[in-house]
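Each residue takes its place number in the sequence, starting with 1.
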Amino acid sequence: VLLPPHPLHCDGQEPSRDHALRGGSPLAHALQMGVKTGQNAMKQGDVGSAVLVCISDGRANVPLSKSMDVMPIGNPLEGLEEGGKEKKKDKEAEKKAREEIKEEVLNTARALGVLPGFSLLMVDTENKFVSTGVAKEIAAAAFGKYHFIPKATDRAVAEVASMAISDIKQSKNNVKSRR
């Protein structure tokens, strides 16, 4: 099952306060949607296990509350102007919001990592020159596999995904044969 990139703003409306994060990355939401899709396929008997292939630089900037259209009290995006840009006077609010969103993504990855039948393949597309290493942290939190592909072409992603899925199948077969 292939999910398209997350279309946070596909409604054709003009930008507004509600659409302040055009081009954002709702990474925690994307991971949750992948899990939901995998669980549905498992329930229907289509598959016995699921490998989520996440192609990202790991720089999430949209919290679950925003991507799911629920704004909690204590909005982590407080202090941001339209377009996700920080107000000059409030860089601390921006830093805090980024840290909260990162922790939300890592918590979601940790939850994914303990689900039976699920594996994560994290394909990191981040430019190493300005690397934050968050994609690697996400893979580690989910007990998943990590691959760095700075120029993530269709062919490169397909090759890495095929190799990783083969490795995952092989390691599961090794575990079964030891029983």
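- Remark: I149 CD1 to R155 CZ distance equals 13.0 Å, nearest 0.5 Å.
- Paired with K95 under the rule side-chain contact (heavy atoms from CB on, under 4.5 Å), one option of K91, R98, E99 passes, and it is E99.
- Connection of V53 to L31 is not established within any shared hydrophobic cluster, with ILVMFWY side chains joined at heavy-atom distances below 4.5 Å, either directly or through further cluster members.
- Two different hydrophobic clusters hold I55 and L120 under the rule that ILVMFWY side chains link at heavy-atom gaps under 4.5 Å.
- L121 and V35 fall into different hydrophobic clusters, defined by Ile, Leu, Val, Met, Phe, Trp and Tyr side-chain heavy atoms under 4.5 Å apart, directly or through other members.
- Using a distance-only test at 3.5 Å, with no hydrogens or angles considered, a donor-acceptor pair links the side chain of S56 to the main chain of G58.
- Residue G48 comes nearest to M42 through the heavy atom pair O-SD, 3.9 Å, listed as atom of the first residue, atom of the second, then distance.
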Would you tabulate the side-chain donor-acceptor contacts of residues 101-119 under 3.5 Å, counting partners in other chains and residues two or more places apart, or write 'none'?
{"unit_1": "K102", "atom_1": "NZ", "unit_2": "E137", "atom_2": "OE1", "d": "3.4"}
{"unit_1": "K102", "atom_1": "NZ", "unit_2": "E137", "atom_2": "OE2", "d": "3.2"}
{"unit_1": "E103", "atom_1": "OE2", "unit_2": "R110", "atom_2": "NH1", "d": "3.1"}
{"unit_1": "E104", "atom_1": "OE1", "unit_2": "L64", "atom_2": "N", "d": "2.8"}
{"unit_1": "N107", "atom_1": "OD1", "unit_2": "R110", "atom_2": "NH1", "d": "2.5"}
{"unit_1": "N107", "atom_1": "ND2", "unit_2": "E103", "atom_2": "O", "d": "3.3"}
{"unit_1": "T108", "atom_1": "OG1", "unit_2": "E104", "atom_2": "O", "d": "2.9"}

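- Each of V157 and L52 belongs to its own hydrophobic cluster when Ile, Leu, Val, Met, Phe, Trp and Tyr are linked at side-chain heavy-atom distances under 4.5 angstrom.
- The CE atom of M163 sits 14.0 Å away from atom CD of Q170, with the distance rounded to the nearest 0.5 Å.
- Contact annotation: the side chain of E126 approaches that of T132 to within less than 4.5 Å [non-hydrogen atoms, C-beta and beyond].
- Looking at D124, its side chain never comes within 3.5 Å of a backbone N or O of A135 through a donor-acceptor pair.
- Contact of the D46 side chain with the N40 side chain is not registered, since no non-hydrogen atoms from C-beta on lie closer than 4.5 Å.
- Looking at heavy atoms from C-beta onward, K66 lies in side-chain contact with P63 at the 4.5 angstrom threshold.
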